[in-house]
Amino acid sequence: MKEPGRVAPEETVGGGPPPSVYRKPNGDVPREAGDPLCLPPGISSEQFKQFTLRLAETSGEDNVTVITQSEELRQESYLEPSKCHDMFHIMGKEYFVASAVVSPRGVDEVQTIMRLCNEFEIPVWPFSIGRNVGYGGAAPRVPGSLGMDLGRNMNKILEVNVEGAYALVEPGVTFFDLHNYLVENNLRDKLWIDVPDLGGGSVLGNTVERGVGYTPYGDHYMMHCGMEIVLPNGELIRTGMGALPNPKADPNKPPHEQEPNACWQLFNYGFGPYNDGIFTQASLGIVVKMGIWLMVNPGGYQSYLITIPKDEQLHQAVEIIRPLRVAMVLQNVPTLRHVLLDAAVMGDRKSYTDSSNPLTDEEMDTIAKKHNLGRWNFYGALYGPPPVREVMWQVVKGAFSQIEGAKFYFPEDMPDNVVLQTRHDTLQGIPSVTELKWVDWLPNGAHLFFSPIAKVSGDDAKAQYELTRRRCEEAGFDFIGTFVVGMREMHHIVCIVFDRKDPDSCRRAHWVISTLIDDAAKMGWGEYRTHIALMDQIADTYSFNNGAMWKFNQQIKDTLDPKGILAPGKNGIWPKNYDREAWKIEKPIL
Ligand code: ADP
């Protein structure tokens, strides 16, 4: 059983509750000079030293950093993200922290590191860039894990295939990188990528976490095709058509360098069981290459904003959206955004109010009026040559015109509306970081995402909005959120903005999200993704037939990773050598 390591040191480097409140289950081991802030569970100082020496032999000293002091945790911003802790911490800066970070230089090194971790029984937490903000960033679920920074050295665009409209990328390729590649090679008139709200994360990391963007290719996992994966024991596989050798491949090359099958990025399923899904939001492999389909430039584009003046018109708006979206008249992944999300991009809280209470309906009406916005704001786009767009627009405009007071805008009508101008780019796959701004709603702003799936129905949207707003306000926060409309459902993203340097604010944020998880489960709503601190709680809500799905996942985990070294605890899956209960994180009280 994995137990001892150590409690967090006495001193914090600022921010979050004192460490004593959150005891790490990996016990008390005396600390020696040169030790990391937190040793991996069950590993002595001496074993750790041996391990890092071997690691440096594999990857080079420059690619191994032991996290010895709080100073290493100074990186706090999306633009310069930390590789060893959660910048948006709710449990103190030093809770979710790596013991060391290694940056492999190639697939063979990833394999060697996995074998080494098996030998020393050291848990490893892979990440691509570490900009998974709101969900834990680069931080490991088990404090003291080895962070594996795949993006630093493995960041090549291996192929952009124009005819087949796909790319093959390594973990460190960001949305900006891929977009810039298209621009620099004069390919934007042929191909577009799909981007999430912020473009600094990796295409691969976002896809394996099942993140979304906003063009017609918004479901990234749906649009991926083919993976190359290092398994926990160091074995290398290619999924789908990648398992079929290319007759022209050089058998003398190591497998990861062999020319892949020509259909690897064209057909997802290959032959036999389709495996890719078990490597997403999972701990069964390290994805080292991934194919992603690119959207063919549709030959014309028009983004738009529809403002919906009254809060209670949310119901009517969602009822209008459903038939249009399932019929694909709404071609992309549109969003229905609460006024405060847009307002927060345009100014911090202080610029709107001196009150510390959650904003009232009257105050929100005033803010909406100031920015020429509705209480809800619908951002969509039309794709195709002019005649196609004109017909689509007639249908969309006609349907939304049923909403009393709805107004329709194109970006050129609102040159000063920074949100509309940014969405205009995002909805055609041009990455940006403008929307980072809403995190500054509060001083020392950080955020958590509460992300339940909702039916595209007025009743469900209204019920989720009322519940989440009420709980946010109980905790002293403003409701800031958006409904992201997928093909058959909505990702309702509630942005819980808190002050990371104020322990009380951190505690209230933690309280509100864990309370909402339970509230939502009682209504039959489940989240699609979460922060590392909440993974166990959410996993417990997916409990059909006595949690049969988790038993199944557990069996796969223990078979593929018998020593439990790859990302233990990720998404609530704990290897058999961990006591799941001991690692659970307590819910705070309000
Ligand atoms: P981003 O690229 O958006 O910055 P991260 O690199 O922080 O995202 O990755 C988010 C999460 O996705 C990680 O914490 C990890 O659980 C998982 N992940 C990322 N990259 C990989 C990978 N190459 N293989 C396996 N899991 C990965």
Side-chain angles (χ1 to χ4, degrees), residues 75 77-88 96 98 101-104 106-107 109-111 113-114 123-142 145-156 169-178 194-213 220-221 224 227-232 236-237 239 256 276-292 431 433 436 449 528-533 535 560-561 565-573:
Q75 274 170 256
S77 82
Y78 181 88
L79 296 176
E80 222 199 305
S82 170
K83 304 291 175 178
C84 57
H85 82 296
D86 180 14
M87 302 184 294
F88 289 179
F96 292 116
V101 178
V102 62
S103 312
V107 175
E109 278 186 22
V110 176
Q111 295 179 278
I113 295 167
M114 291 312 284
V124 51
W125 184 270
F127 59 89
S128 290
I129 299 286
R131 287 199 170 112
N132 197 22
V133 286
Y135 297 115
R141 173 62 183 85
V142 167
S145 298
L146 171 71
M148 188 187 279
D149 177 1
L150 291 146
R152 181 165 164 211
N153 298 316
M154 296 169 67
N155 51 20
K156 283 192 287 300
V169 294
E170 290 189 332
V173 174
T174 66
F175 292 96
F176 274 108
D177 294 335
L178 197 50
D194 184 276
V195 296
D197 297 285
L198 302 175
S202 68
V203 176
L204 191 156
N206 183 280
T207 304
V208 298
E209 284 297 286
R210 304 200 289 262
V212 299
H220 294 162
Y221 178 69
H224 97 286
M227 290 176 171
E228 183 176 285
I229 301 159
V230 175
L231 298 179
L236 188 79
I237 63 169
T239 64
H256 67 275
D276 294 34
I278 62 167
F279 297 102
T280 66
Q281 293 196 2
S283 53
L284 300 175
I286 299 177
V287 185
V288 287
K289 292 187 184 84
M290 189 192 73
I292 185 90
V433 289
L436 263 181
F449 286 126
Y528 94 102
R529 184 177 180 188
T530 200
H531 186 275
I532 43 179
M535 286 175 169
L560 290 187
D561 185 10
I565 56 152
L566 186 56
K570 182 158 167 68
N571 286 75
I573 299 171

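For the numbers below, each heavy atom of this structure counts, side chains included, while hydrogens, waters and symmetry mates do not. Note that ligands are numbered from 1 as they come in the structure, with each ligand's atoms numbered from 1 the same way.
Legend: residues meeting side chain to side chain contact (heavy atoms under 4.5 Å, CB included) with Glu228, ordered by chain and number and at least two apart, are Val107, Leu236, Arg238, His256, Trp264, Val288, Lys289. By the salt bridge (Lys or Arg N to Asp or Glu O under 4.0 Å) test, Asp561 is found to be paired with Lys557, residues two or more places apart in sequence or in another chain being considered. Listed by chain and number, the residues in a side-chain hydrogen bond (donor to acceptor under 3.5 Å, both in side chains) with Glu209 are Lys570 (sequence neighbours excluded).
Near ligand 1, heavy-atom contacts under 4.0 Å come from Trp125, Pro126, Phe127, Ser128, Ile129, Gly130, Arg131, Asn132, Gly137, Leu150, Gly201, Ser202, Leu204, Gly205, Val208, Glu209, Gly285, Ile286, Val287, Lys570.
Remark: the backbone N or O of Ala139 is paired with a side-chain donor or acceptor of Trp125 at under 3.5 angstrom. Remark: side-chain polar atoms of Arg131 are paired, donor with acceptor, to backbone N or O of Tyr78 under 3.5 angstrom.
For the residue pair Asp276/Thr239, the side-chain donor-acceptor check at 3.5 Å is satisfied.
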